[in-house]
Amino acid sequence: PDRRASEATGNAVIRGSLSRAGQPSFRSSYSQMTLDSPKQPKSDQISVEEALRAMQRQRHLEDRMESALRALLRALRADKDAAKMEEQRAWFVQQHGLFLILALLQMYPENHEIQERGLIALVICASGDVEAQRALAEGGAVGTLLNMLSTGGEEMTLQDRAISALLNLTIAPELRRQLVASKSLMSVLAVMKAFSHIGSVQAEGCAFIASVVSANGAGTSGSDQGAVIADVSKAKLEAVDEGAASVITAALRLHSASSLPTATRACVALRNLSHSCRPAQTAIISCEGIQAIVYALSVQPHSPALGEHAQMALLSLLVDDEKAKAIFDQSGGVELATNALKRWGVVNSGASEGTTSLLLSSEVVSDDSTRGAVLAAFGLLHARTKYNARNRAFVVDAGGLEATVNTLAARCNDSAVLRAGGAVLHVLASGDPSSAQWRVTQLPGGIEALLTVFRAAGSVRAELVSADAALTHKLSSSSSSRKSAMTATITPTTSS
């Protein structure tokens, strides 16, 4: 986002990929890098092999190295076949091409073009290749990249590129440990503070922090789960000591409206940082992080990725903290969570967004990109309605009960959604009869819709037993409700 353009050579925009394994993290990927440099005639293009040979034989010629790196990047992007691109990348790495690039970065620190194109090539070639990244770290890449972060004075030069390359070294737990030991968090946060107005620096910086403080790799083969968790805890405490909470919150507040990628990455960073870390939670709350997250949700309401990470961060911040809960309620968080459920709970149903009607024929959702946002919304609604009658009434009046039923009907094959939604349904149904009971019984098809949910749950029906019992108790006070329920129950259906 808003990366400064280079001179006549064009510029490159690096976007991160979301890779979740336990906790979300980011890494840049060659498949997500767009190089805007002018395309050369096909006859002028050379292969990856030819570019490598030039780098091997003429590295002492500075102008030749500029041309070689330009040619390498063109060659890597020349073939639109992803399999062939990966084959060329793997071959280049096998021929120790990454070490040649690293050597050029060290040989020509004052040459902006070599530095920029070399960093882009590192990101492209080392992305997703853990062995290549380990070899780079052993070859001194961390020190070289950290030195780049301290150059440039008040002018942003290559700092965002350098952070992108560092981001590639956060996949394996031992590489993250090395980065923390080398004080990389302090360096990245210093750059983020110095260039708070530049979206690309904030996006890459937030992604780097999110990866360093994530528990990805814990429990996988070849890694000690206890050691990984201990490293993560240490990294979180160091990040808090260096002021990461205020820096990330400031980035979220400043760039939420203008840059969705930056806002999403900031929410991921806050989510990872706050998970099971009380000092981080306290620091984020103290710098008005809850308000910043709620603001991001309000200005970017249509992004399920941001919705998921923002709401999960809020869930961590609200745990056992009455002050945080009050701030969340006062900031309009309950309304945003309700709207999120109405927006993403039912997809492909033909209903308009935010509908409050009951949909008896909703299309069953097997899996989609909104699942995480739905689960997070259920979690927030349950946390803020279980012991708060005012919030409970607000959610019911805002259509949250209908949204819950519709979501359960549409996602009846998802046991996690049934558990989370059933808990919310139980809380809402256990409230004031003038709200939940009246709401269900007065709407056409209300009882039938609820029974459809219970019937469709099938093998995971036990997840809704508590909600079923609560609703049965509440609704049985009305003779018309009893009659409607009896009719719906004994009517033969294909599912029964």
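Residue indices begin at 1 and follow the sequence shown.
Proximity of a side-chain donor or acceptor of Lys236 to a complementary backbone N or O of Ser214 within less than 3.5 Å is not detected. The closest donor-acceptor contact from the side chain of Gln115 to the backbone of Tyr108 lies under 3.5 Å. Between the Arg392 side chain and the Thr385 main chain, a donor and an acceptor come within less than 3.5 Å of each other. Looking at Ser211, its side chain never comes within 3.5 Å of a backbone N or O of Phe208 through a donor-acceptor pair. The main-chain N or O of Leu73 is never found under 3.5 Å from a side-chain atom of Arg117 such that the two would form a donor-acceptor pair. Between the Asp160 side chain and the Ser200 main chain, no donor and acceptor come within less than 3.5 Å of each other. A donor-acceptor pair under 3.5 Å is formed between the side chain of Ser182 and the backbone N or O of Leu179. In this structure, Asn168 contributes its side chain and Val123 its backbone to a donor-acceptor pair below 3.5 Å.
Taking CG of Leu122 as the start and CG of Leu145 as the end, the distance is 7.0 Å to the nearest 0.5 Å. Separation of atoms CG (Leu119) and CG (Leu69) is listed at 10.0 Å; rounding is to 0.5 Å. The CD1 atom of Ile198 sits 8.5 Å away from the NE2 atom of His255 when rounded to the nearest 0.5 Å. Here the OG1-CG distance, from Thr262 to Leu254, works out to 9.5 Å after rounding to the nearest 0.5 Å. Note: Ile163 CD1 to Leu149 CG = 5.5 Å, rounded to the nearest 0.5 Å. The line from CG of Asn391 to CZ of Phe328 is 8.5 Å long, rounded to the nearest 0.5 Å.
A search for side chain to side chain donor-acceptor pair (under 3.5 Å) contacts involving Arg177 returns Asp231, not counting sequence neighbours. For Ala377, the side chain to side chain contact (heavy atoms under 4.5 Å, CB included) partners at least two apart in sequence or on another chain are Gln311, Ala340, Leu341. Applying the side chain to side chain contact (heavy atoms under 4.5 Å, CB included) rule to Val319 yields no partners; only residues at least two apart in sequence or on another chain are considered. For Glu138, the salt bridge (Lys or Arg N to Asp or Glu O under 4.0 Å) test picks out no residue, with sequence neighbours left out. For the side chain to side chain donor-acceptor pair (under 3.5 Å) test, residues two or more places apart in sequence or in another chain that qualify with Gln106 are Thr144. Not counting sequence neighbours, the partners of Ser67 by the side chain to side chain donor-acceptor pair (under 3.5 Å) test are Arg70. Taking Ser196 as the reference, Gln202 meet the side chain to side chain contact (heavy atoms under 4.5 Å, CB included) condition, with sequence neighbours excluded. For Ala324, the side chain to side chain contact (heavy atoms under 4.5 Å, CB included) criterion is met by Ile285, Ile290, Leu318, Asp321, not counting sequence neighbours. Partners of Glu66 according to the side chain to side chain donor-acceptor pair (under 3.5 Å) rule, which considers only residues two or more places apart in sequence or in another chain, are Asn111.
Between Leu189 and Ile209 the shortest side-chain heavy-atom distance falls below 4.5 Å. Using a 4.5 Å heavy-atom cutoff, the side chains of Arg411 and Leu418 are not in contact. Counting only heavy atoms from C-beta outward, the side chains of Leu146 and Leu166 approach each other to under 4.5 Å. Met55 places a side-chain heavy atom less than 4.5 Å from the side chain of Leu72. At least one side-chain heavy atom of Asn339 sits less than 4.5 Å from a side-chain heavy atom of Lys342.
For the side chain to side chain contact (heavy atoms under 4.5 Å, CB included) with Leu306, the lone residue among Val299, Leu260, Ile293 that qualifies is Leu260. A side chain to side chain donor-acceptor pair (under 3.5 Å) with Glu86 is found for one member of Arg89, Gln88, Lys84 and no other, namely Arg89.
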Report the C-alpha distance between Leu401 and Val395 in whole Å, list the side-chain angles of each, state the deciding distance to 0.1 Å, and finish with yes or no for side-chain contact (heavy atoms from CB on, under 4.5 Å). CA-CA 7 Å; Leu401 189 62; Val395 171; over 6 Å; no
Evaluate the side-chain contact (heavy atoms from CB on, under 4.5 Å) criterion for residues Met148 and Leu105: first the C-alpha distance (whole Å), next the side-chain angles of each, then the deciding distance (0.1 Å), finally the verdict. CA-CA 10 Å; Met148 291 183 181; Leu105 294 177; 3.9 Å; yes
Check the pair Thr170 / Leu167 against side-chain contact (heavy atoms from CB on, under 4.5 Å), numbers first and verdict last. CA-CA 6 Å; Thr170 61; Leu167 186 56; 4.1 Å; yes
Given Glu288 and Arg253, is the side-chain contact (heavy atoms from CB on, under 4.5 Å) satisfied, shown in steps? CA-CA 10 Å; Glu288 300 184 350; Arg253 190 179 298 112; 3.9 Å; yes
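Contact detail for Ala172 and Val130: the closest heavy-atom pair is CB-CG1, 3.9 Å. Nearest heavy atom pair, residue Cys206 against residue Ala269, reads O-CB, 3.6 Å. Of all heavy-atom pairs between Pro301 and Trp344, the closest is O-CZ2, 3.2 Å. Smallest separation of non-hydrogen atoms from Val228 and Pro173: CG2-CB, 3.8 Å. Across all non-hydrogen atoms, the minimal contact from Gln178 to Val142 is NE2-CG2, 3.9 Å. In plain terms, the two heavy atoms of Glu238 and Leu185 that are nearest each other are OE2-CB, 4.3 Å.
A salt bridge between Arg271 and Glu308 is present, with a side-chain N of the basic residue lying under 4.0 Å from a carboxylate O of the acidic one. Taking 4.0 Å as the cut-off between side-chain N and carboxylate O, Arg265 and Glu204 count as a salt-bridged pair.
Screening residues 276-286 for side-chain hydrogen bond (donor to acceptor under 3.5 Å, both in side chains), with sequence neighbours left out, gives Arg278-Gln281. A salt bridge (Lys or Arg N to Asp or Glu O under 4.0 Å) check over residues 380-391, counting only residues at least two apart or in different chains, returns the pairs Asp329-Arg384.
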Indicate every side-chain donor-acceptor pair of residues 241-252 with a distance under 3.5 Å to a residue at least two apart or in another chain.
{"unit_1": "Ser246", "atom_1": "OG", "unit_2": "Gly243", "atom_2": "O", "d": "2.9"}
{"unit_1": "Thr249", "atom_1": "OG1", "unit_2": "Ala245", "atom_2": "O", "d": "2.7"}

